[in-house]
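Right, one structure below, let's go through it.
Below, all heavy atoms of this structure are taken into account, side chains as well, without hydrogens, waters or symmetry copies.
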Amino acid sequence: NGNVKMEKKQYQLYLGDRISEDGSHVKNVQERRNKGIGITNQIMQILESTYFGKYYFEVATVLRESLFLSSMLLNSEAWVDYKDKDVRILEQSDEILLGKILDCDANTSNAMKYLELGILPIRFEIMRRKLAFLQYILKEDKNSMIFQVLKATYENTVKNDFVQTCKKYLKTLD
């Protein structure tokens with residue numbers, strides 16, 4: 001009585017992310033890429049349907065930050081074991097948006113797109129968010145659960161966990 005067999009699932013949705021049994025992020029990245037295409041169309045519709053004059057590019061970067069990045073990078077501070085190729089797929093969606101904002105040729109250098117708009121690629125936004133989350137945890141009470149989880153992770157580190165990733169980012173950013 002009361003014993004219920006737990007069913008095995010290949011994935012579980014949690015706070016907008018798909019947690020796969022194999023730890024893969026392929027489906028999450030694909031879903032975010034598709035979402036990015038839809039948001040790119042929304043942003044371009046706003047930019048094309050309203051006259052912003054000399055504020056066009058400023059409005060475009062605000063829309064990128066508020067609509068595009070907030071959706072694409074939801075929960076990114078807690079992502080673990082994401083591969084460079086996963087981040088690159090997200091950056092390609094961003095580069096499509098930037099190309100449309102700047103109305104430039106597909107062969108235009110991505111570095112020039114970022115420089116022209118004075119913004120950074122998604123990988124640096126992920127770094128910023130993850131390190132801000134680390135700072136938040138470090139300022140928590142030493143007895144709080146989140147601080148204790150960080151401490152346990154630090155003491156029993158695993159390849160590509162939160163602590164390893166933060167260390168890598170801190171080294172990269174010197």
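- For the atom pair CD of Gln45 and OG1 of Thr50, the computed distance is 9.5 Å after rounding to the nearest 0.5 Å.
- Crowding of Asp141 atom CG: a count of heavy atoms from other residues, nucleotides or ligands under 6.0 Å exceeding 12.
- Surrounding CD of Glu155 are more than 12 heavy atoms belonging to other residues, nucleotides or ligands, all under 6.0 Å away.
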Between Leu134 and Tyr169, is the side chain to side chain contact (heavy atoms under 4.5 Å, CB included) condition met? List the steps. CA-CA 11 Å; Leu134 173 64; Tyr169 289 166; over 6 Å; no
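- You'll find the side chain of Ile101 stays beyond 4.5 Å of the side chain of Thr61, heavy atoms only.
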Show, in sequence, the C-alpha distance, side-chain angles and deciding distance for Leu102 and Leu117, and conclude whether the side chain to side chain contact (heavy atoms under 4.5 Å, CB included) test is met. CA-CA 9 Å; Leu102 293 167; Leu117 293 171; 3.9 Å; yes
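- Using a 4.5 Å heavy-atom cutoff, the side chains of Ile122 and Leu69 are in contact.
- Hydrophobic clustering places Leu150 together with Tyr136 (ILVMFWY residues linked when any side-chain heavy atoms are closer than 4.5 Å, directly or through intermediates).
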For the pair Leu74 and Arg32, evaluate side chain to side chain contact (heavy atoms under 4.5 Å, CB included) and give the outcome as yes or no after the intermediate values. CA-CA 9 Å; Leu74 179 68; Arg32 299 220 181 192; 3.6 Å; yes
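- How far CG of Leu170 is from CG of Leu131: 5.0 Å, rounded to the nearest 0.5 Å.
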Test Gln148 against Lys151 for side chain to side chain contact (heavy atoms under 4.5 Å, CB included), laying out the working first. CA-CA 5 Å; Gln148 292 299 314; Lys151 184 178 173 185; 4.2 Å; yes
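- To the nearest 0.5 Å, atom CD1 of residue Ile43 and atom NZ of residue Lys100 are 10.5 Å apart.
- The shortest side-chain heavy-atom distance between Met44 and Leu47 falls under the 4.5 Å cut-off.
- Atom-to-atom distance recorded for Gln42:CD and Lys35:NZ is 10.5 Å, nearest 0.5 angstrom.
- Proximity of Asn28 to Trp79: side-chain heavy atoms (C-beta onward) are nowhere separated by under 4.5 Å.
- Val163 and Val158 sit in two unconnected hydrophobic clusters of ILVMFWY residues. Membership requires side-chain heavy atoms under 4.5 Å apart, directly or through other members.
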CA sep, side-chain torsions, deciding dist, call: Phe162, Phe133, ring pair (Phe, Tyr, Trp, His ring centres under 6.0 Å): CA-CA 10 Å; Phe162 180 78; Phe133 187 45; 5.7 Å; yes
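- Between the Thr108 side chain and the Cys104 main chain, no donor and acceptor come within less than 3.5 Å of each other.
- You'll find the side chain of Val29 stays beyond 4.5 Å of the side chain of Val87, heavy atoms only.
- Using a 4.5 Å cut-off between side-chain heavy atoms of Ile, Leu, Val, Met, Phe, Trp and Tyr, with links allowed through other members, Val149 and Val80 fall into different hydrophobic clusters.
- Arg128 CZ to Ser76 OG: the interatomic distance, rounded to the nearest 0.5 Å, is 8.5 Å.
- In this structure, Tyr51 has its ring center no closer than 6.0 Å to that of Tyr56.
- Between Lys168 and Lys171, every side-chain heavy-atom pair lies at or beyond the 4.5 Å cut-off.
- The distance from atom CD1 of Ile137 to atom SG of Cys166, rounded to the nearest 0.5 Å, is 7.5 Å.
- A salt bridge between Arg64 and Glu125 is absent, with no side-chain N of the basic residue lying under 4.0 Å from a carboxylate O of the acidic one.
- Dense packing is recorded around CD of Gln92, with more than 12 heavy atoms of other residues, nucleotides or ligands lying under 6.0 Å away.
- In this structure a side-chain-to-backbone donor-acceptor pair under 3.5 Å is present from Thr40 to Gly36.
- With hydrogens and angles ignored, the 3.5 Å screen pairs no side-chain donor or acceptor of Asp86 with any backbone N or O of Tyr82.
- Linking ILVMFWY residues whenever their side-chain heavy atoms come closer than 4.5 Å, directly or via other members, places Leu173 and Leu120 in the same cluster.
- A salt bridge links Arg123 with Glu91: at least one charged nitrogen is closer than 4.0 Å to a carboxylate oxygen.
- Counted by atom type alone, Tyr154 and Asp161 present zero donor-acceptor pairs between their side chains at under 3.5 Å.
- Glu65 has its side chain out of reach of Ser70: every pair of non-hydrogen atoms, C-beta onward, lies at least 4.5 Å apart.
- Environment of CD in Glu77: crowded, with over 12 heavy atoms of neighbouring residues, nucleotides or ligands closer than 6.0 Å.
- Cluster membership check: Ile46 shares its hydrophobic cluster with Ile119, using side-chain heavy-atom separations under 4.5 Å among Ile, Leu, Val, Met, Phe, Trp and Tyr.
- Of the charged side-chain nitrogens involved, at least one lies within less than 4.0 Å of a carboxylate oxygen, so that Lys83 and Asp81 count as a salt-bridged pair.
- The shortest side-chain heavy-atom distance between Arg88 and Glu95 falls under the 4.5 Å cut-off.
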